[in-house]
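What follows is a single structure, written as structure tokens, with notes after it.
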Amino acid sequence: MLVSLKNKRKVQNSWAMYDWANSVYSLVITSTIFPVYYNSVTQGLNEFDKVSFFGFEIINTVLYSYSISFSFLIIAIISPLLSGVADSSGKKLEFMKFFAYLGSIACMGLFFFDANNIEWGIGCSVIASIGYAGSIVFYNAYLPEISEESEYDLLSAKGFALGYIGSVILLIVNLLMIQMPHWFGIPEGGFAARFSFLITGLWWAGFSQIPFLLLPKNPYNKKIKRKFLFVGYQEIKKVFREVRQIRVMNRFLAAFFFYSMGVQTVMYLAATFGDKELGLPGDQLIITILIIQFVAIIGSYFFAFISKKFGNKSSLVVMVLIWTMICGAAYYVYTVYEFFALAFVVGLVMGGIQSLSRSTFSKLIPQSTTQHASYFSFYDVTEKLAIVIGTFSYGVIEQFTGSMRNSALSLGIFFLVGLGFLVLVSIPKKELSPQPEMTHD
């Protein structure tokens with residue numbers, strides 16, 4: 001940990017506030033209002049719900065799945081190099097700012113999306129996704145720099161909990177606007193939904209100012225080299241060699257890769273499942289997501305407590321088993337109350353598995369290294385590639401079988417494979433080898 005004891009609590013709180021700032025994107029744009037709005041403006045255009053995208057005819061929900069896959073593929077390709085540059089130049093905070101502003105401005109751009117400009121809507125949603133995913137790489141890398149190892153689990157849980165609370169507050173405001181537009185003096189129809197995208201971008205950019213002001217700007221006092229791009233490339237190559245030699249990290253990343261395929265796909269496509277397979281109206285879908293968010297706050301702290309008592313591995317194994325059962329249950333869900341019940345269970349394990357995965361990886365990073373962004377880039381690339389494959393396979397299965405239920409059921413296979421790798425993970429209680437050199441250039 002680099003932060004002095006005098007400022008540690010303030011810095012940690014400001015770090016957690018970035019979850020408060022950016023989680024509104026995850027909830028409003030990826031999980032609730034945008035998918036519902038997107039479906040509403042693209043359904044019924046023809047018999048098969050196909051849309052024209054740059055001249056290509058494609059099923060609306062399949063296009064949405066593919067757009068998510070594409071955005072995370074882009075960030076998976078560029079983030080390792082950016083992380084190496086950030087570590088070698090000491091500009092981690094600047095990269096975090098760039099992606100946060102990129103994502104928030106793209107959210108605001110969705111205000112202009114309607115049925116007449118599908119390409120604009122998909123383009124803005126892809127850019128917003130890249131901004132969100134890119135900023136998270138550098139945000140996560142701060143965790144081992146501002147806290148002791150004994151604090152990782154609870155601080156990570158605090159970030160996710162604040163994110164759930166903040167996003168729920170904004171979602172409720174947006175939901176009231178959509179349901180009662182006359183309260184806010186705005187016209188009925190899609191305007192309220194589009195206005196919610198604008199507010200989401202402003203919230204993200206506005207509350208990001210708290211961590212941007214208080215997070216350490218260059219904690220290792222590194223100097224920018226003239227060939228910083230080349231240095232960044234060399235940095236990530238060096239860290240890659242080190243990651244390959246740490247067996248426990250390889251096994252954890254393999255487990256994380258497979259169970260993240262399921263977790264992230266459920267998060268991104270749950271609303272479209274409820275809409276298309278169950279025919280739930282938009283307000284019931286948003287209530288479902290609210291259930292998930294409220295329960296996730298409890299789940300993130302509950303499993304942090306479980307990990308303190310029984311260890312991170314035991315907590316993760318239990319959650320992956322529950323996720324596997326969720327996939328099987330989703331195939332047989334037909335009523336709104338069954339969907340609500342399943343959402344409750346999803347919320348319980350969603351917050352816990354995200355929070356503990358981040359803090360567990362932090363414990364596997366060698367204590368002597370200063371290359372936290374580079375190490376976390378492998379964690380984030382693993383997650384992004386999992387999203388790419390998970391959402392793409394979900395769309396492919398739906399396209400060939402004609403049912404999202406088959407797609408949901410197939411996610412259980414990913415969880416089972418992830419569980420197999422997770423069983424092999426043994427989290428050490430002391431410094432890992434190899435020992436990366438301390439660099440202060």
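Only a predicted model underlies this, so the values are computations on that prediction, with no experimental measurement involved.
Under the 3.5 Å distance criterion, the side-chain polar atoms of S359 are left unmatched by any main-chain donor or acceptor of Y152. A donor-acceptor contact shorter than 3.5 Å is absent between the side chain of R251 and the backbone of V425. Side-chain N or O atoms of D114 include one that pairs as donor or acceptor with a backbone N or O of N116 at under 3.5 Å. S14 places no side-chain N or O within 3.5 Å of a backbone atom of L214 that could act as its donor or acceptor partner. Judged by distance alone, with hydrogens and angles left aside, the side-chain atoms of E398 form no donor-acceptor pair with the main-chain N or O of S407 at under 3.5 Å.
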Under 3.5 Å, which donor-acceptor pairs link side chains of residues 334-344 to any protein atom two or more places apart or in another chain?
| residue | atom | partner | partner atom | Å |
| --- | --- | --- | --- | --- |
| T335 | OG1 | E338 | N | 3.2 |
| E338 | OE1 | Y334 | N | 2.8 |
| E338 | OE1 | T335 | N | 3.2 |

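With sequence neighbours left out, the side chain to side chain contact (heavy atoms under 4.5 Å, CB included) criterion links T265 to L269, T391, Y394, L411. Legend: residues meeting salt bridge (charged side-chain N to carboxylate O under 4.0 Å, His left out) with R405, ordered by chain and number and at least two apart, are E277.
The two atoms that bring L143 and S156 nearest to each other are CD2-CB, 4.4 Å, heavy atoms only. Here the closest non-hydrogen pair linking A128 and C107 is CB-SG, 4.1 Å. Here the shortest heavy-atom pairing between G328 and Y332 reads O-CD1, 3.4 Å. Residues L253 and T382 come closest through the heavy atom pair O-CG2, 3.5 Å. Across A408 and C327, no two heavy atoms sit closer than the pair O-CB, 3.5 Å. Across all non-hydrogen atoms, the minimal contact from S67 to I122 is CB-CG2, 3.9 Å.
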Report task. Start with the C-alpha distance between F99 and N22, add both sets of side-chain angles, then the distance that settles side-chain contact (heavy atoms from CB on, under 4.5 Å), and finish with yes or no. Result -> CA-CA 11 Å; F99 281 103; N22 72 28; over 6 Å; no
**Report entry** F414/F257 under ring-ring contact (aromatic ring centres under 6.0 Å, His included): CA gap, chis, key distance, verdict
**Finding:** CA-CA 9 Å; F414 298 143; F257 173 70; 8.5 Å; no
Query - Stepwise side-chain contact (heavy atoms from CB on, under 4.5 Å) test for V41 and F113 - result: CA-CA 9 Å; V41 299; F113 169 46; 4.0 Å; yes
**Report entry** Test side-chain contact (heavy atoms from CB on, under 4.5 Å) applied to S300 and Q354, step by step
**Finding:** CA-CA 8 Å; S300 60; Q354 289 181 292; over 6 Å; no
Query raised in the report: Can you list the steps and then say if M108 with F197 is a side-chain contact (heavy atoms from CB on, under 4.5 Å)?
Result: CA-CA 6 Å; M108 298 179 209; F197 306 149; over 6 Å; no
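Contact check for F258 versus L416: no side-chain heavy atoms found under the 4.5 Å cut-off. At least one side-chain heavy atom of L356 sits less than 4.5 Å from a side-chain heavy atom of M319. Side-chain contact between Y38 and L63: present, with at least one pair of heavy atoms (C-beta onward) separated by less than 4.5 Å. Under the 4.5 Å side-chain criterion, counting only non-hydrogen atoms from C-beta, E57 is in contact with S52. With a 4.5 Å cut-off on side-chain heavy atoms, V349 and I326 count as touching. Between F400 and N406, the closest side-chain pair of non-hydrogen atoms is not below 4.5 Å. For the pair W323/V346, a side-chain contact is recorded, criterion being any heavy-atom separation below 4.5 Å from C-beta on. L321 has its side chain out of reach of F415: every pair of non-hydrogen atoms, C-beta onward, lies at least 4.5 Å apart.
Ring planes of Y259 and F256: perpendicular class, angle over 60° (limits at 30 and 60°). The aromatic rings of W120 and F112 sit perpendicular to each other, their planes meeting at more than 60°, with 30° as the lower class boundary.
For the pair K92 and Y142, the cation-pi criterion (under 6.0 Å, within 45° of the ring axis) is fulfilled. For the pair R194 and F111, the cation-pi test (distance below 6.0 Å, angle within 45°) is passed.
Separating the CG atom in L154 from the OG atom in S307 is a distance of 7.5 Å, to the nearest 0.5 Å. To the nearest 0.5 angstrom, T200 atom OG1 is 4.5 Å from I29 atom CD1. To the nearest 0.5 Å, atom CD1 of residue I389 and atom OG of residue S260 are 11.5 Å apart. A distance of 5.0 Å separates OG1 in T360 from CG in L316, rounded to the nearest 0.5 Å. Separation of atoms CG (L215) and CD1 (I146) is listed at 6.0 Å; rounding is to 0.5 Å. Taking NZ from K313 and OG from S426, the interatomic distance works out to 6.0 Å, rounded to the nearest 0.5 Å.
Between N140 and R358, the side chains place a donor N or O and an acceptor N or O closer than 3.5 Å (distance only, hydrogens not considered). The closest side-chain donor-acceptor pair between W20 and Y164, if any, does not fall under 3.5 angstrom. Side chains of S357 and Y379: no donor on one and acceptor on the other come within 3.5 Å. Between the side chains of S129 and S71, at least one donor-acceptor pair of N or O atoms lies under 3.5 Å. One side chain, Y139 or D19, offers a donor N or O that lies under 3.5 Å from an acceptor on the other. Between the side chains of N60 and K50, not a single donor N or O lies within less than 3.5 Å of an accepting N or O.
For the side chain to side chain contact (heavy atoms under 4.5 Å, CB included) with Y132, the qualifying choice from S23, S104, S26 is S26, the only one to do so.
For F70 and F392, the distance between ring centers is not under 6.0 angstrom. A ring-centre distance under 6.0 Å is found for Y101 and F212. For Y25 and W204, the gap between ring centers is short of 6.0 Å. In this structure, the ring of F252 has its center no less than 6.0 angstrom from the ring center of F421.
Heavy atoms of other residues, nucleotides or ligands lying less than 6.0 angstrom from CZ of F184 number more than 12.
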